[in-house]
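For reference, the structure discussed in these notes is given below.
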Amino acid sequence: MNSAHKKHFHWWYIPLGLVVILLVAILAFALWAHRFLPWKNMIAFTSNLRLELSESTKNYVTSGERDYSTLPEVLTMADGTPVQTVEDFAARRQEILDLFEQNVYGTLPKDGFTTSFEVLEEGSALNGAAIRRQVKISVTTDKGTSDALLLMYLPQSEKPVPVVLGLNFKGNHTVFADEAILPSYSTEADDETLLEERGIKAERWNIEQAIARGYGIATIFCDDFAPDNADTYNTRVISLFDEPEFKAVGAWAFGIMRGVDYLVQQPEVDTNRIVDIGHSRLGKAAVWAGANDERIALVISNDSGNTGATLTRSNHGETMKSINAMFPHWFCTQYKEYGAAANALPVDQHLLLACIAPRKVYVANANDDLWADPQGAWNSLLASRPAFELYGQAVISEDCLAEGETQPHAGQSVWSADMGYHKRSGWHDIQSEDWAFYLDYMDQYLAG
């Protein structure tokens, strides 16, 4: 054979092939996602990838009508009876929580279990400015026991201190660079990985700043209650209950409440100033726990988005259809039945925020986090106000907005004595700037 006719393999075939495969994969994902998301919402999804969008593109994503014509009234019972007194609202609140349990979050066990605590380690931290305590929380039913590890830092103080409690995403060892922090029970990392990961999420918790300002911080790895995995979410605390509708977000909320069980027994903790905080999907759990647990004085939602603080009926950013498709283990079966018919849902997230009254609520968003829909979260907070007003509480006024604005701008905080909001520039995260807002708000409105 003539060598001139031989086909040669060129090295650039490999990167070209990889590029083609990548483009095909992206196209396939886009077509799959479009089954659940309109194009505007798909563009909003790029905020999770931290892709810079032009202002015109952002405006395209956030523009358009928001149909709130079917938004359930806060002060009207499901049968149409008006709610006129705080006694009436007590019944309305229970009705709302029941509707959320049946249609959105699924079972939240309130009995049939016992909770016990064992202090595993305690010592001085932050050069003597704080006490570190690590506590095994054990939940037991007739089917067995499931353990979670609570990590707490308390400022040295002669009187009880307020404590901010929340779940973390990656394990207790990631929240602070303290070698004494024990690995969480559901952490599967080896010693080398634990060492590499120690303190990598410290900014999300700002423990030193909180301690310096007189606040305790308590946290638990969310996977200690339910792994965020559709195949294994029911292998820990959920496995203790014969409840097929006990789902992941419900388990995380249940875990927060078990943390509160411990805090209210501690003489060093000001039990009138327990704060519940959560970011992203754990923000959804924080709002669900805070609405149910009246021992929590302030509920903080950070970028919690759809089925968190943001109205489902906004239909901007993440949608009910997409969240159930991508995370089928988060919410109950009935929630999936509504699909694209959000207007048929008998509740929306403003009602859940309303159930926090007469306590305090704080909602925060990031300006570029289009997936979490900051406008929908702001609208939700405003729509919850009738419940707070019924109790005579101070609520945010729409007069805080400049002419032409429909929500606070990046860097702006808007507070009243019982309700707070801020929007930070940047992406989906919880940062030192967020904590500065939260601590300033608590200094002013969560006085002892």
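The structure presented is a predicted model; accordingly, all values stated were derived computationally and were not measured.
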If we ignore angles and hydrogens, is there a donor and acceptor under 3.5 Å between the side chains of [X] and [Y]?
X	Y	answer
T193	D190	yes
Q407	K423	yes
Y185	N172	no

Can you run down the salt bridge (Lys or Arg N to Asp or Glu O under 4.0 Å) pairs that involve residues 224-237, sequence neighbours left out, and say none if there aren't any? D228-R281

Donor-acceptor check, side chain of [X] to backbone of [Y], threshold 3.5 angstrom: yes or no?
X	Y	result
R66	Q375	no
R273	L446	yes
T232	T235	no
S304	S301	no
N206	Q209	no
N324	M320	yes
D303	A366	yes
Q393	P358	yes
Q349	G308	yes
K284	V249	no

Please determine whether side chain to side chain donor-acceptor pair (under 3.5 Å) holds for the pair N367 and S425, giving the CA-CA distance in whole Å, both sets of side-chain angles, and the decisive distance to 0.1 Å. CA-CA 5 Å; N367 191 57; S425 61; over 6 Å; no

Apply side-chain hydrogen bond (donor to acceptor under 3.5 Å, both in side chains) to D98 and list each qualifying residue two or more places apart in sequence or on a separate chain. Q94

Residues that S239 engages under side-chain hydrogen bond (donor to acceptor under 3.5 Å, both in side chains), provided they are two or more places apart: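 Not a single residue meets the side-chain hydrogen bond (donor to acceptor under 3.5 Å, both in side chains) criterion with S239.
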
Quick one: list whatever passes ring-ring contact (aromatic ring centres under 6.0 Å, His included) with [X], sequence neighbours left out.
X	value
F100	Y105
Y335	F331
F246	F241, F254
Y438	Y362, H422

Can you name the residues that form a side-chain contact (heavy atoms from CB on, under 4.5 Å) with [X], not counting sequence neighbours?
X	answer
T271	V264
C355	R93, I96, L97, A291
L194	H173, P183, T187, A189, D191

Is any side-chain heavy atom of [X] closer than 4.5 Å to a side-chain heavy atom of [Y]?
X	Y	answer
L149	F221	no
S280	F169	yes
I256	L165	yes
I296	V275	no
T319	N41	yes
D67	R313	no

Could you tell me which residues satisfy salt bridge (charged side-chain N to carboxylate O under 4.0 Å, His left out) with K58, sequence neighbours excluded, listed by chain and number? E55, D368

Under the side chain to side chain donor-acceptor pair (under 3.5 Å) rule, what do K247 and Y233 come out as? Steps first, then yes or no, please. CA-CA 8 Å; K247 301 297 184 178; Y233 76 95; 3.1 Å; yes

Would you call D261 and R295 a salt bridge, using N to O less than 4.0 angstrom? yes

Less than 4.0 angstrom from a charged side-chain N to a carboxylate O is my criterion; do R133 and E122 meet it?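 Judged by the 4.0 Å cut-off on N to carboxylate O distance, R133 and E122 do form a salt bridge.
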
To the closest 0.5 Å, what do you measure between [atom1] ([X]) and [atom2] ([Y])?
X	Y	atom1	atom2	value
I211	N127	CD1	CG	12.5 Å
T46	L51	OG1	CG	5.0 Å
L382	S397	CG	OG	9.0 Å
H279	N168	NE2	CG	12.0 Å
L351	L311	CG	CG	9.0 Å

S186/S184 under side chain to side chain donor-acceptor pair (under 3.5 Å): CA gap, chis, key distance, verdict: CA-CA 6 Å; S186 52; S184 300; 6.0 Å; no

Show, in sequence, the C-alpha distance, side-chain angles and deciding distance for R204 and D434, and conclude whether the side chain to side chain contact (heavy atoms under 4.5 Å, CB included) test is met. CA-CA 9 Å; R204 284 192 170 180; D434 296 304; over 6 Å; no

Flag yes if more than 12 heavy atoms outside [X] fall under 6.0 Å of its [atom1] atom; otherwise flag no.
X	atom1	value
E118	CD	yes
E179	CD	no
E188	CD	no

Shortest non-hydrogen pair, A383 vs V74, comes out as O-CG2, 3.4 Å

Looking at every heavy atom in both S384 and L353, which two are closest together, and how far apart are they? CB-CB, 3.8 Å

N/O donor to acceptor pairs below 3.5 angstrom from side-chain atoms of residues 151-161, sequence neighbours left out:
unit_1, atom_1, unit_2, atom_2, d
Y153, OH, D178, OD2, 2.8
S157, OG, K159, N, 3.1
S157, OG, K159, O, 2.8

Establish, yes or no, whether a centroid distance under 6.0 Å links the rings of W205 and F176. no

Going through the distances and angles, do W371 and F45 end up as a ring pair (Phe, Tyr, Trp, His ring centres under 6.0 Å)? CA-CA 5 Å; W371 190 239; F45 180 80; 5.1 Å; yes

